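All values below were derived from every heavy atom in this structure, side-chain atoms included, with hydrogens, water molecules and symmetry-related copies excluded. Please read all numbers here as calculations on a predicted model, not as lab measurements.
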Amino acid sequence: MDWIENHGEAFLSKHTGVGKSLHRARALQKRHDDFEDVAQNTYTNADKLLEAAEQLAQTGECDPEEIYKAARHLEVRIQDFVRRVEHRKLLLDMSVSFHTHTKELWAWMEELQKQLLDEMSCDSVDSVQALIQQFQQQQTTTLEATLNMIKEGEELMQQLRDAAMSTNKMPHCSSIVHIQGVLQQLDEAQGQMEELFHERKIKLDIFLQLRIFEQYTIEVTAELDAWNEDLSHQLSDSNSSGVNSGGGGGTSSSSSEDIGLAEQRLKRHAERKAAMNNMTYEVMQQGQDLHQYIMEVQASGIELTGEKDIDLASQVQELLEFLHEKQQEVELNAQHTHTRLEQSLQLHHLQAEVKQVLGWIRNGESMLNASIVNASSLSEAEQLQREHEQFQMAIESLFHANSLQKTHQSALQVQQKAEMMLQAAHYDPEAIRSCAEKVAIHWQQLMLKMEDRLKLVNASVAFYKTSEQVCSVLESLEQEYRRDEDWCGIHDKAGSSMDGEHLVPLISKHLEQKEAFLKACTLARRNAEVFLKYIHRNNVSMPGASSHSRGPEQQVKAILNELLQRENRVLHFWTLKKRRLDQCQQYLVFERSTKQALDWIQETGEVYLATHLSPGGSSEETQQLLTDYHHFRLTAKQTKEKVKLLIQLADSLVEKGHAHVVELKRWVSTVDRRYRDFSQRMAKYQESLERSLGVSSEDNKDLELDIIPASLTDDPEVKLRDPNHEVSEEKRKSARKKEFIMAELLQTEKTYVRDLQECLETFLWEMTKGMEEVPAGIANKEHVIFGNMQEIYDFHNK
C-alpha cells in the first residue's frame with residue numbers, strides 16, 4: 001500500500017499526458033512499460049498477501065473478519081490501481097497509434113498532392129479512363145483515412161476526459177488541445193485535398209471529352225472523305241449519263257424506268273446527306289459545348305494545358321475549324337451532286353411531259369382537220385360556231401392521266417419549266433431547248449389552225465348576221481321614207497311655237513339614220529371581205545377545203561348585190577325626205593321672221609304714227625319731233641332691211657320650187673302690203689314736219705322698198721312698181737346667200753346651247769351633286785375643267 005501511495009500514485013499523477021508527437025508518445029509508452037514491470041512485483045506481493053490472509057483467517061489465529069476486511073481493502077485498492085494503470089496503457093497505445101497514423105497520412109497526402117499537381121500525360125481515351133479510375137480510388141482512400149484519423153483523435157480525447165472524470169481530476173488540457181489542433185490540421189488538409197481532387201476531376205473530365213471529341217472528329221473526317229470520293233464518282237457518272245440522255249431528247253421507251261432510277265438516286269443522296277449532316281452537327285455541337293466548358297473552367301482560375309503547353313481551348317477550336325472546313329468542302333460537292341441529280345430528274349420529267357403534250361396536240365390537229373365545212377347561211381354559221389366552241393373546249397379539256405392538267409396549260413408549263421431550268425444553268429441546255437422548241441412549234445401550228453378556223457367561223461356569223469340585220473333595217477327605212485308627211489301641218493296641230501325647233505331633232509335624227517345605215521352597209525361589205533379572205537386562207541392551209549367554199553362565195557356575192565340595191569333605194573328616199581324637212585324648216589323660219597316684222601309694224605310703228613299725227617305748237621317742239629323721228633327712222637330701217645331680205649328669200653325659195661309656195665306668197669303679200677303702207681305714212685309725217693319748219697330733204701323716201709316680190713308678179717293684189725326697182729340677178733344671189741347664212745347661224749347656235757346644257761346637267765351636276773364617287777385625280781377641280789361654262793350658257797340661252 002505504501003508503494004502504491006508513494007510510487008504508483010506519484011507516477012500516475014506525474015504522467016497524465018499522452019505526448020504531442022509520435023516520439024514523445026513512444027517514450028511515454030516505454031516508460032509506462034517499465035513502470036508496469038516494476039509494478040508487477042507489487043501485484044505479485046499483493047496476491048501473496050491475499051493468499052496468506054485467506055490461510056490466516058482459516059486457521060483462526062486472528063479475527064477472520066478483520067483479516068477479510070484488511071484483505072478486501074487491499075484487493076480493492078490493487079484492482080483500482082491496476083485499472084488505472086491499464087487505462088493509462090490504453091491511452092498511450094491509442095496516442096502512439098494516432099500519431100503513427102497521422103504521420104503516415106501526412107506523408108500520403110504530401111505524395112498525393114505532388115501527383116495531383118503534376119501534369120497529366122494521356123494520349124487516348126483508355127489512358128484517361130484509367131487515370132479517372134485511379135483518381136477515384138485515391139480520393140476514396142484519402143477520405144476514408146482522414147475520417148478514421150478524425151475518429152481516432154476524437155476517441156482519444158474522449159478517453160482522456162473519461163480518465164480525468166474517474167479520478168475526479170482535470171483532464172490533461174495540453175494533450176487535448178494538441179489532438180484538437182492535429183484534427184483541425186487534418187480537416188484543413190482534407191479541404192485542400194478536396195479542392196485538388198475537384199480540380200483534378202475537372203481536368204480529367206475535360207481530357208476525356210477532348211480525347212472523345214478527337215476520336216469522333218477522326219471518324220467523321222474519315223466518313224466525309226469517303227463520301228466526298230463517292231460524290232466525285234457520282235458526278236463523273238452523271239456527266240457521262242447526262243450527255244447520253246441529252247442526245248436522246250426523251251424519246252427512249254424506258255423513260256419511266258429512268259425517272260424511277262433518278263428519283264431513287266436523288267432520295268438516297270438526300271438521305272445520306274441528311275445523315276452526314278446530322279453526324280457532323282452532333283460532333284461539332286459536342287466540340288462547341290466542350291470549348292465553352294473549357295472557357296468557363298479557365299475563367300474560374302483553373303489552368304488547362306495539353307501537350308507541348310498548348311491551350312486546350314485552342315486545340316478544340318482548331319479541331320472545330322478543321323471539321324468545319326472539311327464539312328464545307330464536302331457540302332459543296334454534295335450540293336453540286338444534288339443539283340445535278342435534281343436537274344437530271346427534271347430533264348426526264350420534262351421529256352416525258354413533252355412526249356405526252358405532243359400526243360395531245362396531234363389529237364387536236366386530227367380533230368381540227370375533220371371539220372372543214374363552210375357556212376352558206378346564218379343558221380349554218382351559228383351551228384359551225386357552236387361546234388367550234390365545243391371543239392375548242394375539247395382541245396382545252398384533254399386531261400393528263402395523273403395530274404388533270406389541260407392541254408394548253410401543260411404546253412405553257414413545259415415552256416415555263418424549260419425557261420426556269422435554263423435560268424438555273426442546267427447542265428444539258430441543248431436537250432431542254434430541243435424539248436421547248438418541239439412543244440412551241442407544234443402548239444403554235446395547232447393554235448394558228450384553230451385561230452384561222454375561229455376567224456372563219458366568226459367572220460361567217462358576223463357577215464350573215466350583219467347582212468340580215470342591215471337588209472331588215474334598210475327595208476324598214478325605205479318604208480318610212482316613202483311616207484309623205486307634212487311636218488309643218490303636224491306642228492300647227494300641236495300648237496307649239498312657230499320657231500321650227502321641233503324639226504331640229506327630226507333633222508338630226510334623219511342625219512344620224514343616214515350615217516348609221518351607211519356605216520352598217522359598210523360594215524356588212526367589210527365583213528363580207530373578211531369572210532371571203534378567211535375562206536381563201538382556209539383553202540390554202542387545209543387542202544381539200546376548196547370544194548366546200550364555192551357555194552358560200554356565190555351566196556356572199558348575191559347578198560352583197562341585194563344589199564347594194566337596197567342601199568341605193570334608201571339613199572334616194574332619204575334625200576327626198578331630207579329635202580322636205582329642210583323646206584319645212586325654211587318655211588317655219590320664214591314664217592317666224594315675217595310675223596316678227598308684222599308684229600313690229602303693228603306694235604311699234606303703228607303706235608308711233610298713232611301718237612305723232614301733227615307737228616308741234618312751236619318750232620322748237622316741231623324740231624324736237626323731227627329729231628325723234630330721225631331716231632325712230634333708224635329702227636324702222638332695220639325692219640325695212642328685214643322685210644327686204646324676207647322678200648328676196650321668198651323669191652329664191654319659190655324660184656327653186658318649194659312645198660309651201662302658196663303659204664310663202666301669202667306671207668310675202670301681207671308683209672309687203674303692210675310695210676309699204678307704213679313707209680308711205682312715215683314719209684307723209686316727215687313731210688308735214690319739214691313743211692312746218694320750212695325745210696326740205698331728199699331722204700323722205702329712204703324707208704320705201706326698192707324691190708318688187710318676183711314671186712307675186714302674177715298675184716292681182718300686188719301692183720307693179722317702176723321697172724327701175726326690179727331686183728337684179730346679183731341681188732337675188734346675195735339674198736340666197738344671206739338666207740343660208742342666217743339659217744346656218746341659227747341652227748349652229750341652238751346646237752351649241754343644247755350641248756352646253758347637256759354638259760352642265762350631266763357632267764357638272766354628277767361631279768358636284770351626284771351620288772357616284774369622283775376619281776381622286778379630278779376631285780374638287782370643276783372650276784378647272786368647266787371654267788365659266790355656266791355664264792356662257794346663260795348668255796347664249798337668252
Side-chain angles (χ1 to χ4, degrees), residues 375-382 385 455-488 490 500-536 552-589 656-659 740-741 743-752 754-755 758-759 762:
S376 299
S377 63
L378 178 59
S379 59
E380 292 182 2
E382 291 177 346
Q385 188 178 38
K455 289 179 179 178
L456 174 61
V457 172
N458 291 338
S460 64
V461 173
F463 169 71
Y464 286 120
K465 184 178 293 185
T466 305
S467 62
E468 286 189 3
Q469 293 175 351
V470 171
C471 289
S472 175
V473 170
L474 291 178
E475 183 178 358
S476 62
L477 289 177
E478 182 178 353
Q479 295 176 359
E480 178 184 349
Y481 296 159
R482 281 176 179 272
R483 291 195 297 268
D484 190 8
E485 298 181 7
D486 183 9
W487 292 275
C488 296
I490 297 174
E501 290 187 358
H502 72 288
L503 293 177
V504 174
L506 294 177
I507 296 174
S508 299
K509 179 181 179 181
H510 194 61
L511 293 173
E512 292 173 357
Q513 286 179 346
K514 176 184 178 182
E515 183 180 358
F517 75 74
L518 289 178
K519 286 183 178 180
C521 294
T522 304
L523 178 61
R525 282 190 287 270
R526 191 175 302 162
N527 290 339
E529 294 175 359
V530 174
F531 183 28
L532 295 175
K533 179 182 69 174
Y534 284 119
I535 289 178
H536 297 157
E553 288 182 0
Q554 296 176 358
Q555 182 71 16
V556 170
K557 293 178 181 179
I559 292 174
L560 288 178
N561 291 331
E562 180 184 358
L563 183 65
L564 180 60
Q565 294 175 4
R566 287 179 178 272
E567 181 182 6
N568 291 333
R569 289 199 303 271
V570 171
L571 278 175
H572 172 70
F573 290 110
W574 181 90
T575 304
L576 295 179
K577 181 177 179 180
K578 176 64 168 57
R579 181 179 179 183
R580 292 196 301 272
L581 286 172
D582 290 340
Q583 289 178 354
C584 287
Q585 186 181 30
Q586 292 170 358
Y587 169 72
L588 292 176
V589 171
K656 292 178 183 179
H658 202 279
F740 296 143
I741 292 174
E744 183 180 3
L745 284 175
L746 182 62
Q747 179 65 27
T748 55
E749 181 69 14
K750 291 181 178 179
T751 304
Y752 175 63
R754 186 171 61 252
D755 292 341
E758 181 179 359
C759 185
T762 303

Exercise. Do the side chain of T762 and the main chain of C759 share a donor and acceptor less than 3.5 angstrom apart?
Worked result: no
Exercise. Say you draw a straight line from OG of S467 to CZ of R566; how long is it, rounded to the nearest 0.5 Å?
Worked result: 11.0 Å
For this session: Drop me the distance from D755's CG to K750's NZ, to the nearest 0.5 angstrom.
Result: 14.0 Å
Seminar exercise, completed: So NE2 of H536 and CG of L532: to nearest 0.5 Å the spacing works out to 5.5 Å
Problem set entry | Residue pairs passing the salt bridge (Lys or Arg N to Asp or Glu O under 4.0 Å) test where at least one lies in residues 502-516, sequence neighbours excluded | E515-K519
For this session: Determine, step by step, whether L571 and F517 satisfy the side-chain contact (heavy atoms from CB on, under 4.5 Å) criterion, reporting the C-alpha distance in whole Å, the side-chain angles of both residues, the deciding distance to 0.1 Å, and the verdict.
Result: CA-CA 9 Å; L571 278 175; F517 75 74; 3.7 Å; yes
Exercise. In Å, rounded to the nearest 0.5 Å, how long is the span from CG of L560 to CD of Q565?
Worked result: 11.5 Å
For this session: Using atom types as modelled and distance alone, determine if a side-chain donor or acceptor of S472 lies under 3.5 Å from a backbone N or O of E468.
Result: no
Exercise. Side-chain contact, heavy-atom cut-off 4.5 Å: T751 with R754?
Worked result: yes
Hey, can you pull the donor-acceptor pairs under 3.5 Å for the side chains in residues 523-530, sequence neighbours left out?
unit_1 : atom_1 : unit_2 : atom_2 : d
R525   : NH1    : E567   : OE1    : 2.8
R525   : NH2    : E567   : OE1    : 3.4
N527   : ND2    : T466   : OG1    : 3.1
N527   : ND2    : L523   : O      : 3.3

For this session: Evaluate the side-chain proximity of C521 to L474: yes if any heavy-atom separation is below 4.5 Å, no if none is.
Result: yes
